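The basis for the numbers below is simple: all heavy atoms, side chains too, and nothing from hydrogens, waters or symmetry mates. Because the structure is a prediction, the values reported are computed rather than measured. Counting convention: from 1, in listed order, for ligands and their atoms alike.
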Amino acid sequence: MRVVVKISGSVFPESLETGLIKSYAAELRTLRAEGHELAVVTGGGANARNYIRALRELGGSESHCDEIGIRVSRLNALLLISALGDAAHPLVPEDLGQLLAYFSTGRIVVMGGLQPGHSTNAVAALVAEAIGAGLLLNATDVDGIYTADPKADPSARKLDEIRTQELLRMVLGGPLWAGAYELIDPVAVGIIARSKIPALVVDGMDPKNLTRALRGERIGTRIIP
Ligand code: UTP
């Protein structure tokens, strides 16, 4: 299957401890060997948020904060490319044209952000649209989408599935500034809806969830476009 994997920035911690990055590389190589065509988008994580906070304190505009977040997400992409070795295209695409060119080589393409105004989740949705992916897998830092923030509200309940209209209502109530997007951003939801991209949110702390999801196991939360 042609798959886009969004790997949460939390896989690239502030300390840049590499254990989970290596595990992801092993998992992605296995999936490629099984015949899956993969494009991967890496989030910016704690280091992006640190840079964004510093830039904002120094008077940078929101779009400059976004730009620095994009750069950090591309650094994370470079780390994963190194871990993947010759299974990956060596360059990080900076627009969708480059993505398509690199993807046509048959290697795994790994990229970070594209332009200001949204998160890497929107990039993953744009990539899924561009390559005609059969699945957008969002490997994040929770095990699915909840009725409320599970870290703040103990009564929050995990959803097996959610429609894009409902998801859009939820995310529009959250913060929309640089470095502060929560689970998914409104641009991503809009793209999933307009191109009817099958999407699944899974726990990204266990890379084996990629294989489980591709085997059709019922994990995470399915987004119904
Ligand atoms: P992300 O928000 O996507 O990374 O990018 P994250 O915070 O690690 O989130 P998860 O856990 O992967 O979901 C960091 C910041 O970079 C900017 C935004 O400011 C975003 O909050 N960004 C990223 C853009 O402006 N455009 C992009 O295309 C990507």
Kindly state each residue pair satisfying salt bridge (charged side-chain N to carboxylate O under 4.0 Å, His left out) with at least one member in residues 120-132, sequence neighbours excluded.
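Non-adjacent pairs meeting salt bridge (charged side-chain N to carboxylate O under 4.0 Å, His left out): E129-R194.
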Salt bridge (Lys or Arg N to Asp or Glu O under 4.0 Å) against D206, all qualifying residues, sequence neighbours excluded:
R212
Exercise: do D185 and S119 side chains pair donor with acceptor under 3.5 Å
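Yes, S119 and D185 have a side-chain donor paired with an acceptor closer than 3.5 Å.
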Within the 3.5 Å criterion, strictly below it, is a donor on T221 or E161 matched to an acceptor on the partner's side chain?
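No, no side-chain donor-acceptor pair sits under 3.5 Å.
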Looking only at heavy atoms, which two atoms of V41 and G112 are closest? And how far apart?
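That would be CG1-O, 3.8 Å.
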Table of N or O contacts for ligand 1, cutoff 3.5 Å:
| residue | atom | partner | partner atom | Å |
| --- | --- | --- | --- | --- |
| ligand 1 | 3 (O) | T120 | N | 2.8 |
| ligand 1 | 3 (O) | T120 | OG1 | 2.3 |
| ligand 1 | 4 (O) | G44 | N | 3.0 |
| ligand 1 | 7 (O) | R49 | NH1 | 3.0 |
| ligand 1 | 8 (O) | G44 | N | 3.2 |
| ligand 1 | 8 (O) | G45 | N | 2.5 |
| ligand 1 | 11 (O) | S8 | OG | 3.0 |
| ligand 1 | 12 (O) | K6 | NZ | 2.7 |
| ligand 1 | 12 (O) | G9 | N | 2.8 |
| ligand 1 | 13 (O) | K6 | NZ | 3.0 |
| ligand 1 | 19 (O) | D66 | OD1 | 2.5 |
| ligand 1 | 19 (O) | G179 | N | 3.2 |
| ligand 1 | 21 (O) | G179 | N | 2.7 |
| ligand 1 | 22 (N) | H118 | O | 3.2 |
| ligand 1 | 25 (O) | D66 | OD1 | 3.3 |
| ligand 1 | 25 (O) | H118 | O | 3.1 |
| ligand 1 | 26 (N) | Q115 | O | 2.7 |
| ligand 1 | 26 (N) | H118 | O | 3.0 |
| ligand 1 | 28 (O) | L114 | N | 2.8 |
| ligand 1 | 28 (O) | Q115 | O | 3.3 |
| ligand 1 | 28 (O) | H118 | ND1 | 3.4 |

Checking F103 now: which residues fulfil ring-ring contact (aromatic ring centres under 6.0 Å, His included) with it, not counting sequence neighbours?
none
